[in-house]
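In this chain, residues are counted from 1 in sequence order. In this text the structure is predicted, and so the values were computed from the model without any measurement.
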Amino acid sequence: MALRLQTRASDSSWINAVWTGTSTGVAEMTSVATVCWGLVFWERLGTAYAAITGPETRTSAAPVPEGASFVGIDFAVGTSLRAVSMPALVDGGAELPDTTRRTFRLAGACWETPGPDDAEALVDRLVQSGAVVRDPIVTAVRRGYRPSVSQRTVERRFRAATGLTQGAVRQVERVREAAALLAAATPVADVVSRLEYVDEPHLARALRRYVGRTARQLRAGAGGPIALD
């Protein structure tokens with residue numbers, strides 16, 4: 001019984017990560033809060049599927065199709081689908097119609113279903129067509145710049161582009177980094193200090209809310225399949 005996930009970085013500024021996976025004898029996994037929206041493609045028993053996934057503000061239990069293989073693209077914060085409201089995708093998503101092993105339909109057009117090495121080419125085509133866009137103010141803020149607009153405008157644009165507030169994005173990104181450090185056997189006290197949590201109970205509450213694991217479970221690799229880098 002296993003859920004095997006592998007994640008790789010991308011040289012595209014539009015992509016946060018590309019991941020692949022297979023499932024065998026696993027019916028459910030722990031989904032971890034994430035600030036990214038994405039596209040996921042999977043095949044099971046000869047039938048192909050595709051879906052849009054939204055940002056997630058909490059941990060949850062997610063079903064896993066038996067005997068499936070997956071390819072996923074997590075998009076960078078600040079990118080969005082022109083035809084879809086990002087706030088409407090938060091803690092949700094949508095299955096895409098007319099999906100075959102070769103093609104899927106998105107934003108009123110038919111696209112070639114990507115393999116693990118085709119993510120960047122697909123995203124380039126989506127960007128060139130205008131189906132995927134990016135908010136320049138959000139991108140500038142993410143890169144550490146201060147745009148010449150009010151903080152209220154920045155926050156409004158941030159929420160429209162991501163579905164989340166800047167504070168929520170920081171919280172989720174921090175706790176995901178904490179979980180990865182703990183899974184790599186970094187001492188809890190070091191994680192608290194490095195990521196500037198108030199204390200260990202503060203970290204523990206964040207892990208429960210966003211990751212669905214305790215520090216001990218993460219260090220031991222316990223608790224069952226989990227969607228974590």
Just so I know, are the side chains of V84 and L89 near enough to count as touching, which here means a heavy-atom distance under 4.5 Å? yes

Carefully, step by step, assess V141 and Q166 under the rule side-chain contact (heavy atoms from CB on, under 4.5 Å). CA-CA 10 Å; V141 169; Q166 291 187 73; 3.5 Å; yes

side-chain contact (heavy atoms from CB on, under 4.5 Å) against A51, all qualifying residues, sequence neighbours excluded: V40, W42

Would M29 and V64 count as a side-chain contact (heavy atoms from CB on, under 4.5 Å) if you check the C-alpha gap in whole Å, the side-chain angles of each, and the deciding distance to 0.1 Å? CA-CA 7 Å; M29 71 176 179; V64 178; 3.8 Å; yes

Indicate if V172 and V169 have the same hydrophobic cluster label, given that clusters are the connected sets of ILVMFWY residues with side-chain heavy-atom separations under 4.5 angstrom. yes

dist L122:CG -> E112:CD (nearest 0.5 Å) comes out at 8.5 Å

Any heavy-atom pair between the side chains of S23 and F70 that's under 4.5 Å? yes

Heavy-atom closest contact (L106 atom, L81 atom, distance): CD2-CD2, 4.0 Å

Enumerate the residue pairs fulfilling side chain to side chain donor-acceptor pair (under 3.5 Å) with a member in residues 124-150, sequence neighbours excluded, ordered by first and then second residue. S13-R134, D135-R157, R142-E173, S150-T153

Using a distance-only test with no angle check, is there a side-chain donor-acceptor pair under 3.5 angstrom linking Q171 and Y210? yes

Quick one: are L164 and F158 in side-chain contact, heavy atoms under 4.5 Å? no

Hey, could you give me each pair passing side chain to side chain donor-acceptor pair (under 3.5 Å) that has a residue in residues 76-89? Not counting sequence neighbours. W37-T79

Would you say that L39 contacts L126 through its side chain, given a criterion of any heavy-atom pair below 4.5 Å between the two side chains? yes

Does the side chain of T103 come within less than 4.5 Å of W111's, by heavy atoms? no

How far apart are the closest heavy atoms of G163 and V90, and which atoms are they? O-CG2, 3.5 Å

Is there a side-chain contact between V32 and R176, using heavy atoms and a 4.5 Å cut-off? yes

Going by atom types only, do T30 and R213 share a side-chain donor-acceptor pair under 3.5 Å? yes

F104 and F41 aromatic centres sub-6.0 Å: yes

Nearest heavy-atom neighbours spanning T162 and V138: CG2-CG1, 4.5 Å

On a heavy-atom basis, the closest approach of L207 and A215 is CD1-N, 3.8 Å

Rounded to the nearest 0.5 Å, how far apart are SG of C36 and CG of D74? 5.5 Å

If we only count heavy atoms from C-beta on, is the T99 to R105 side-chain gap below 4.5 Å? no

Heavy atoms from other residues, nucleotides or ligands near CD of Q6 exceed 12 (cutoff 6.0 Å): no

Check ion pair E66-R44 (N to O, under 4.0 angstrom): no

Check the hydrophobic clustering (I, L, V, M, F, W, Y; side-chain heavy atoms under 4.5 Å; chains of links allowed) and say if I73 and L96 are grouped together. yes

Enumerate, atom names and distances included, each donor-acceptor pair closer than 3.5 Å involving a side-chain atom of residues 178-187, sequence neighbours excluded.
{"from": "T186", "atom 1": "OG1", "to": "L181", "atom 2": "O", "distance (Å)": "3.0"}

If hydrophobic clusters are built by linking Ile, Leu, Val, Met, Phe, Trp and Tyr wherever their side-chain heavy atoms come under 4.5 Å apart, do V132 and V18 end up in the same one? yes

Backbone N or O of T214 within a donor-acceptor pair of the Q217 side chain at under 3.5 Å? yes

Testing the basics here: between A160 and P87, what is the closest heavy-atom pair and its distance to 0.1 Å? O-CD, 3.9 Å

Rounding to 0.5 Å, atoms CZ (R209) and CZ (R205) come to a distance of 11.5 Å

Separation between CG (L218) and CG (L228), nearest 0.5 Å, reads 7.0 Å

Side-chain donor-acceptor pairs under 3.5 Å in residues 189-203, sequence neighbours left out?
{"from": "Y197", "atom 1": "OH", "to": "V175", "atom 2": "N", "distance (Å)": "3.4"}
{"from": "D199", "atom 1": "OD1", "to": "H202", "atom 2": "N", "distance (Å)": "2.9"}
{"from": "H202", "atom 1": "ND1", "to": "V198", "atom 2": "N", "distance (Å)": "3.0"}

Check for me, please, whether V127 and I52 land in the same ILVMFWY cluster - side-chain distances under 4.5 Å, paths through other members count. yes

Show every side chain to side chain donor-acceptor pair (under 3.5 Å) that has at least one partner inside residues 50-63, sequence neighbours left out. S31-E56, T57-D91, R58-D91

Determine whether M86 and W14 fall in the same hydrophobic cluster, where Ile, Leu, Val, Met, Phe, Trp and Tyr are linked whenever their side-chain heavy atoms lie under 4.5 Å apart. yes

How long is the straight-line distance from OG1 of T22 back to CG of L5, given to the nearest 0.5 Å? 8.0 Å

Decide yes or no for E120 and D11: does some side-chain heavy atom of the first lie under 4.5 Å from some side-chain heavy atom of the second? yes

Atom of P116, atom of R8 and distance for their closest heavy-atom approach: O-NH2, 3.1 Å

